[in-house]
Trainee: 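Below: one structure in structure tokens.
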Protein chains: 2
Amino acid sequence: MDQETKELRRVGLKVTHPRMRILQIFDEEGVQHLTAEDVYKKLLGHQEDIGLATVYRVLTQFEAAGIIVKHNFEGGQAVYELDRGKHHDHMIDVDSGKVIEFVSEEIERLQHEIAARHGYVIEDHSLVLYVRPRQRVRKD
Amino acid sequence: MDQETKELRRVGLKVTHPRMRILQIFDEEGVQHLTAEDVYKKLLGHQEDIGLATVYRVLTQFEAAGIIVKHNFEGGQAVYELDRGKHHDHMIDVDSGKVIEFVSEEIERLQHEIAARHGYVIEDHSLVLYVRPRQRVRKD
DNA sequence: ATGCCTGCAAAAGCTTTGCATCCGC
DNA sequence: GCGGATGCAAAGCTTTTGCAGGCAT
């Protein structure tokens, strides 16, 4: 039995065609951050006849099941990525739109410290750096 | 000449009734984070006949002028707050919806360090902690 | 067979825009 | 008076939902 089937069974979701295809898309090499629309277009490209509404429903279920993580970056559209277990934050190159992942134990620690100082525990957090390539040395 | 008029002149915006009233709402005591809808409702409460579209247009102009800052927290609606000059991040109590502001020079420093390590400079950033009140001692 | 899933279309929620009118300077 | 600003309504976008039929178990 393949990996995707096992994954769906594991989280208690019925193994249906749309769910399999969508999960496979996220398992593809190099795929990282996709919007619902991105997923939908990829499905169309693979000659799949799956409705956009289903894509949204499945992504929501996957998120609830902990298979994927949803991010609300700027720009209106939510982006989803496979939850590979290790938490990380994001840096977005505002010129190219490229997304870079990073982790900082130090920042994580400080966040908890700050929350605790205010009498809270962190439930979740979102850290996004909007960046621009550092100016290269002039090439003239 | 009052403070709001000066502020509008300073950023080069014509001093109109809607812009004055909206700016005054943000200048009110205790006001911190408002959605466009919040601002609109407050205007209605003050017997003002200003359209929601105008509220959006004015908020957008204020943001471009640096008078207010726009945040895209979770939940679809953008929230705006007066830009009082000193940058800060946010902590949101997911139970009450309360927003707490905080600053951490340490985290700011680490962010720049991380961006630099990847060859970038930070253009902007967003850090939001979704928190819950720390569990009181069990009472059973 | 049963109950969850899906596709389609419609609706919903937030924000933007077209247009005729109005107002600040 | 002129050009930008506003109100209203309509449109735009992303996401959600109702419903009838379909499919996994």
Trainee: Using a strict heavy-atom distance below 4.0 Å, which residues from residues 40-59 of chain A are in contact with DNA chain C?
Mentor: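 Contacting residues: D49(A), I50(A), G51(A), A53(A), T54(A), R57(A).
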
Trainee: Compare all side-chain heavy atoms of V128(A) with those of I92(A) and state whether any distance is below 4.5 angstrom.
Mentor: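 Answer yes - side chains close enough.
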
Trainee: Rounded to the nearest 0.5 Å, what's the gap from CG on L129(A) to CG on L127(B)? Could you check?
Mentor: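 Reported to 0.5 Å precision, the distance equals 9.0 Å.
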
Trainee: Looking at DNA chain D, which of residues 65-83 of chain A put a heavy atom within less than 4.0 Å of it?
Mentor: G76(A), Q77(A), A78(A)

Trainee: Tell me every residue that passes side chain to side chain donor-acceptor pair (under 3.5 Å) with E108(B), counting only those two or more places apart in sequence or in another chain.
Mentor: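 Checked E108(B) against side chain to side chain donor-acceptor pair (under 3.5 Å); matches are H87(B).
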
Trainee: Determine whether the aromatic ring centres of residues Y80(B) and H33(B) are separated by less than 6.0 angstrom.
Mentor: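 Not under 6.0 Å, so no.
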
Trainee: Looking at R109(B) and E113(B), is any side-chain nitrogen of the basic one under 4.0 Å from a carboxylate oxygen of the acidic one?
Mentor: yes

Trainee: So what is the end-to-end bend of the helix from dA1(C)-dT25(D) to dC25(C)-dG1(D), with 5 pairs used at each end and the value given to 10 degrees?
Mentor: 30°

Trainee: Quick check for you: to the nearest 0.5 Å, what is the distance between I22(A) atom CD1 and F62(A) atom CZ?
Mentor: 6.0 Å

Trainee: How many angstroms lie between CG in L52(B) and OH in Y40(B), if you round to the nearest 0.5 Å?
Mentor: 6.0 Å

Trainee: Taking atom OH of Y120(A) and atom CG of D93(B), what is their separation to the nearest 0.5 Å?
Mentor: 4.0 Å

Trainee: For DNA chain D, determine which residues of residues 5-27 of chain A have any heavy atom closer than 4.0 angstrom to one of its atoms, and list them numerically.
Mentor: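 Correct list: R9(A), K14(A), V15(A).
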
Trainee: Distance check needed: dT15(C) P versus F62(B) CZ, whole Å only.
Mentor: 17 Å

Trainee: Evaluate side-chain hydrogen bond (donor to acceptor under 3.5 Å, both in side chains) for H17(A) paired with E48(A), printing each intermediate quantity in order.
Mentor: CA-CA 10 Å; H17(A) 185 68; E48(A) 295 291 343; 2.7 Å; yes

Trainee: Please determine whether side-chain hydrogen bond (donor to acceptor under 3.5 Å, both in side chains) holds for the pair H88(B) and E81(B), giving the CA-CA distance in whole Å, both sets of side-chain angles, and the decisive distance to 0.1 Å.
Mentor: CA-CA 11 Å; H88(B) 56 259; E81(B) 70 175 319; 3.0 Å; yes

Trainee: Does D27(A) have any salt bridge (Lys or Arg N to Asp or Glu O under 4.0 Å) partners at least two apart in sequence or in another chain, and if so, which?
Mentor: none

Trainee: Salt bridge or not for E28(A) and K42(A), using N-O below 4.0 Å?
Mentor: yes

